[in-house]
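What follows is a short report on a single structure.
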Amino acid sequence: MRDNKKASKTNKGRKQKSITEILFTVYAFVLFILGVLVVFFTKEFDVISLKGDKGEIAYIFLKFIGSFEILASFLIFSIRKLKGRVIYYSAVGLIIAGFINLYLLSMLSEYIILPSVYFIFQVIFQLSFFLVLFDQVKRK
C-alpha cells in the first residue's frame, strides 16, 4: 500500500511532454545530423558528382545550406519548451518557410535532380508543423 502512495507522488511531479516539444526535438536532431553531413561530407552526400568550377561553387552553396540547417536545429531546439505566442509564431514561420521551400523545389525541378524521398520528407515536415500549430491553437 505504501508503494502505491510513493509511486503516485513521484508521478505527480513529472510533467508530460507536449506534441510540440517532442516534434521540435526530433526536428532539431534531424536537421543537426543532416547539416553536419552536408557540411563535412559534401561530396559523399550529393546525388550527382559535379566537376569543374561550377561543381565547386555548387558544393560551397551546399555547405551554406548545411550550416543553415545546423543553425536552424539549434534555434528549434532552444524554442521547444516555450509557450504562448512565441511558439505559435515560430510554428507559423516554419510553415511559411516550408511552403517557400516546396515552391522553389517545384520551380527548380527542371534544373536540379532530387530524389522523391526529399519531397516526401518535406511534405511530412509540413504536415507535422500543422499538427504543432493545431496543438498550440487548441491550448489557447
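Computed over heavy atoms, backbone and side chain alike; hydrogens, waters and symmetry mates excluded. Sequential numbering from 1 along the given sequence is applied to the chain's residues.
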Tightest non-hydrogen contact, residues Y88 and V137, listed as CE1-CG2, 3.5 Å
Can you tell me how far CG of L71 sits from CD1 of I76, rounded to the nearest 0.5 angstrom?
10.0 Å
Single-linkage hydrophobic cluster, 4.5 Å side-chain cutoff, I22 and F134 together:
no
Return the CG to OG distance between L34 and S73, rounded to the nearest 0.5 Å.
10.0 Å
Drop me the distance from L131's CG to I124's CD1, to the nearest 0.5 angstrom.
13.0 Å
Partners of F40 by side chain to side chain contact (heavy atoms under 4.5 Å, CB included), sequence neighbours excluded?
V36
The criterion is side chain to side chain contact (heavy atoms under 4.5 Å, CB included); which residues satisfy it with I100, sequence neighbours excluded?
I96, L104
Test ring pair (Phe, Tyr, Trp, His ring centres under 6.0 Å) applied to F74 - qualifying residues, sequence neighbours left out:
F32
Validation: residues 62-69 side-chain donor-acceptor distances under 3.5 Å, sequence neighbours left out:
from	atom 1	to	atom 2	distance (Å)
S67	OG	K63	O	3.4
S67	OG	F64	O	2.8
E69	OE1	G35	N	3.3

Test of understanding: with side chain to side chain contact (heavy atoms under 4.5 Å, CB included), list the residues that count as partners of S18, not counting sequence neighbours.
T20, E21, D135, R139
Give me the other members of the hydrophobic cluster that V123 sits in, counting Ile, Leu, Val, Met, Phe, Trp and Tyr linked by side-chain heavy atoms under 4.5 Å, directly or via other members.
L127
Could you list the residues that satisfy ring pair (Phe, Tyr, Trp, His ring centres under 6.0 Å) with F125, not counting sequence neighbours?
Y27, F121, F129
Note: with side-chain heavy atoms under 4.5 Å as the link, the other cluster members for F77 come out as F29
Nearest 0.5 angstrom please: L31 CG to L75 CG, how far?
10.0 Å
